[in-house]
Amino acid sequence: MKDLEIKLIEPIVKAVKAIFGVDFPVNQINFQTTRKEFDGDITLVVFPVVRFSKKSPEQTAEDLGEYLVREVQFVEAYNVLKGFLNLVISDSYWLESYASAYQKSDYGFVKTDDSAPLTIVEYSSPNTNKPLHLGHIRNNLLGYSVAEIIKASGTRVKKVQIINDRGIHICKSMLAWKKFGQGETPESSGLKGDHLVGKYYVRFDQEYKKEISNLLVEGKTEEEAKKEAPILKEAQQMLRAWESKDEEVVDLWTRMNQWVYSGFDTTYTRLGVDFDANYYESETYLLGKKYVDIGLEKGVFYQKEDGSVWVDLTDEKLDHKLLLRGDGTAVYMTQDIGTAIQRHLDFDFNKMVYTVGNEQDYHFNVLFKVLSRLGYSWAKDCRHLSYGMVDLPSGKMKSREGTVVDADDLMEEMVTTAKSISEELGKLDGFDEEQLASVYETIGLGALKYFILKVDPKKRMVFNPSESIDFNGHTGPFIQYTHARICSLQRRAESSGIVLKPESELHPKEKELLKVILCYPDIIQEAAKDCSPAVLANYTYDLVKEYNQFYQQVPIFGTQSEDDKAFRIGLSSMVGKVISSSMCLLGITVPERM
RNA sequence: GGGCUAGUAGCUCAGCUGGAUAGAGCACCUCCCUUCUAAGGAGGCGGUCGCAGGUUCGAAUCCUGCCUGGCUCACCA
């Protein structure tokens, strides 16, 4: 569609010049796709021209329409409604565009080579004290998909995660395991490693709460009790031991983290996400300090009497922000400064995208400003892909309190539902066990992923576990189903179809489909620019709806003309290709039968 | 209190760089499987686009104020 607009701009400017004798600024040209109820393909909004033409909107539109039909070969007809000039574009224009799209192997993608710019996409970034939950699923799906979309838009991409493998929260599950675990391991318990560790994280919190209430009985205030609970102090002691590389603590830490990593691997694999590089907080948390010192020398930061280092961002309408504690230890911001700079050294990236929840909007705002004050010009090319939290109807999910929707459980549940629906419909005769399992997996995860990705990342979403995710309507399975149906057509067809339609006119539904197909490259660019898989998800839904109408209204094998038949088979397979391609960018696979 | 962000049908969401009568899905009610997969299609019901002003030929979309929700403003990460 963009192509078409570009081709029309010059004739329109010429037309205004020829008819009204004035130069019309190109940036004021305003197109929109013609609404379905009107005749035409593309509409020029003529109000902006009226100021130059000094005639009524209707007369201006008439004059322009008449000129364009006469001068532009592919403009076949026009009609005017109020200030809108609807142009009818010839079938041959659509068919030619379609033919060139059809022949491309990676239709819609911009090819990259080593000279293409590089974008780093960070996502997931889990803590190693508990398993992944629904919030992580949104993060992972978004990060993975945005990375794939950016790649398709013509940029090299590296996916990275930073693993938050150190800190007091890690020590909490370590301590609880040490005290109450009695040597339990994933092998001995049959529990997935991350779930086992998470169990002790919850256990810690229970013990901690118990101790607090005991202290309250002893007459402490709540604040005192929270600070003085023995188990917390023990955890803090453990953290200090870890930082001074106490062998026993480090061994336990290594051992338990390994359990978690192997658990995460299982979850990542099933979710279908991957990473090109991992960063570990335990290795990077000290990196930022030297840059803070440099900033201090440069005079862009300042030091307080107690030795703490700050940056003054009040002239940017932000506050003063701590960068280094009085005792010289790092805070979150220090680490992030260090990792960002390290990544630029590692990859020399052109852009970096952080997939992190919107609760950290302020943090990233500050981070980018600090980097830019340190003189890193690439700071302006860093972007926080901020997404809304996933809440339950009962409110926020809290790992410590066990009110989370676990990632592994949720995936399993979706696949089970897919299985029972499929069995009820009974269309999978002749599949062996392995094939069946794979189809259920595809559908169950497709439903889950589409459900999450179709909504605008920045919006908060509510997930109600008791109302299961739909498999009908605007859903992943709906799109997958259409793909399966197209595959079924192809199995039946002897030839793979042809592209051109020599004689007869395009059926209105064929034309609509062509137009939607031709938007695909623009949609990829738009989704990449906005970091929004939702744009792509909604586009795919529109395409599929359009195809289903075509499928219902237009006979394929039942048609008289062999040319029509071949054309429609080709058109169907093209739709199938676009579905499969766009769903792949969302991390969703599509089945050949379902 | 300051900052950021959202508020569109009973529910879940599109549309937001201003354009024609605000679109889908779910739910509810009708139809359509001797044409290619009914996880589909056709139709009906359902809206003061949070409220009030403003800018404009034209506002769900831009501006201002207000209301409501979420996040944030830590020597936590």
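To find a chain, count down the sequence lines: A is the first, B the second, and so on, and within it residues start at 1. Values below: all heavy atoms of this structure, side chains included; hydrogens, waters and symmetry mates excluded. Remember, it's a predicted structure, so these values are computed and weren't measured experimentally.
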* Asked: Without hydrogens or angle criteria, can the side chains of S173(A) and N129(A) be said to hold a donor-acceptor pair below 3.5 Å?
  -> no
* Asked: Base, sugar-phosphate, or nothing for M389(A), non-hydrogen atoms under 4.0 angstrom?
  -> nothing
* Counting side-chain heavy atoms from C-beta on, which of rA77(B), rG69(B), rG41(B) comes nearest to R460(A)? -> rG69(B)
* Asked: Counting any heavy atom closer than 4.0 Å, what does V80(A) reach on the DNA or RNA strands: base, sugar-phosphate only, or nothing?
  -> nothing
* d(CG, L367(A); P, rC73(B)) in whole Å -> 15 Å
* Asked: Any side-chain N or O of K82(A) under 4.0 Å from OP1/OP2 of rU21(B)?
  -> yes
* Asked: Where the side chain of E281(A) is concerned, which of rC73(B), rA77(B), rA38(B) is the nearest nucleotide?
  -> rA77(B)
* Asked: So what does G167(A) touch, heavy atoms closer than 4.0 Å: a base, only the sugar-phosphate, or nothing?
  -> nothing
* **Over-ring placement of R166(A) relative to Y285(A), 6.0 Å and 45° cut-offs** => yes
* Asked: Y551(A) ring centre to R485(A) NZ or CZ under 6.0 Å, with the angle to the axis within 45°?
  -> yes
* Asked: So, does S125(A) use its side chain to make a donor-acceptor pair with the main chain of I163(A) at under 3.5 Å?
  -> no
* Any idea which of rC71(B), rC73(B), rG19(B) is nearest the P48(A) side chain? -> rG19(B)
* Structure fact -> In short, side chain to side chain donor-acceptor pair (under 3.5 Å) pairs touching residues 437-447 of chain A with sequence neighbours left out are R270(A)-E441(A)
* Structure fact -> Taking for F47(A) and for Y332(A) the nucleotide of RNA chain B with the nearest heavy atom, the one nearer the 5' end belongs to F47(A)
Dump every N/O contact between nucleotides 5-8 of chain B and the protein below 3.5 Å, one line per pair.
residue	atom	partner	partner atom	Å
rG7(B)	OP1	K459(A)	NZ	3.4

* To do: Decide whether N257(A) and T128(A) meet the rule of one side-chain donor and one side-chain acceptor closer than 3.5 Å.
  => yes
* From rA77(B), rC36(B), rA14(B), nucleotide with atom closest to R492(A) side chain -> rC36(B)
* **Nearest listed nucleotide, side chain of T43(A), among rG19(B), rC76(B), rA20(B)** => rA20(B)
* Given rC76(B), rU72(B), rC36(B), the nucleotide with the shortest approach to the side chain of R325(A) -> rC76(B)
* Asked: Are the ring of Y551(A) and the six-membered base ring of rG40(B) within the stacking cut-offs of under 5.5 Å and under 30°?
  -> no
* **Atom-pair distance (OH on Y280(A); C1' on rA77(B)), nearest Å** => 19 Å
* **Interatomic distance where CD1 belongs to I569(A) and P belongs to rU35(B) [whole Å]** => 19 Å
* Asked: Paired with rG19(B): which nucleotide, if any, by Watson-Crick or G-U wobble criteria at under 3.5 Å for both distances?
  -> rC57(B)
* **F478(A), nearest nucleotide to its side chain (from rG40(B), rA77(B), rG19(B))** => rG40(B)
* For the side chain of I556(A), starting at C-beta, report the closest nucleotide among rC71(B), rA20(B), rC36(B). => rC36(B)
* Asked: Want to settle it: does R166(A) or N86(A) sit nearer the 5' end of RNA chain B, counting the closest nucleotide to each?
  -> N86(A)
* Reckon Q360(A) has a side-chain N or O less than 4.0 Å from the OP1 or OP2 of rC71(B)? -> no
Distances under 3.5 Å only, N/O to N/O: pair up the protein atoms with those of nucleotides 23-25 of chain B.
residue	atom	partner	partner atom	Å
rA24(B)	O3'	K545(A)	NZ	3.3
rA24(B)	O2'	Y541(A)	OH	2.7
rG25(B)	O2'	H474(A)	N	3.1

* Under 4.0 Å: is that the gap between some side-chain N or O of R568(A) and OP1 or OP2 of rU35(B)? -> no
* Structure fact -> Closest of rG41(B), rC13(B), rC36(B) to the V455(A) side chain is rC13(B)
* To do: Determine if F84(A) stacks with rA20(B); use a centre-to-centre distance below 5.5 Å and an interplanar angle below 30° as the criteria.
  => yes
* Select base, sugar-phosphate, or nothing to describe what S422(A) touches, counting heavy atoms under 4.0 Å on all strands. => base
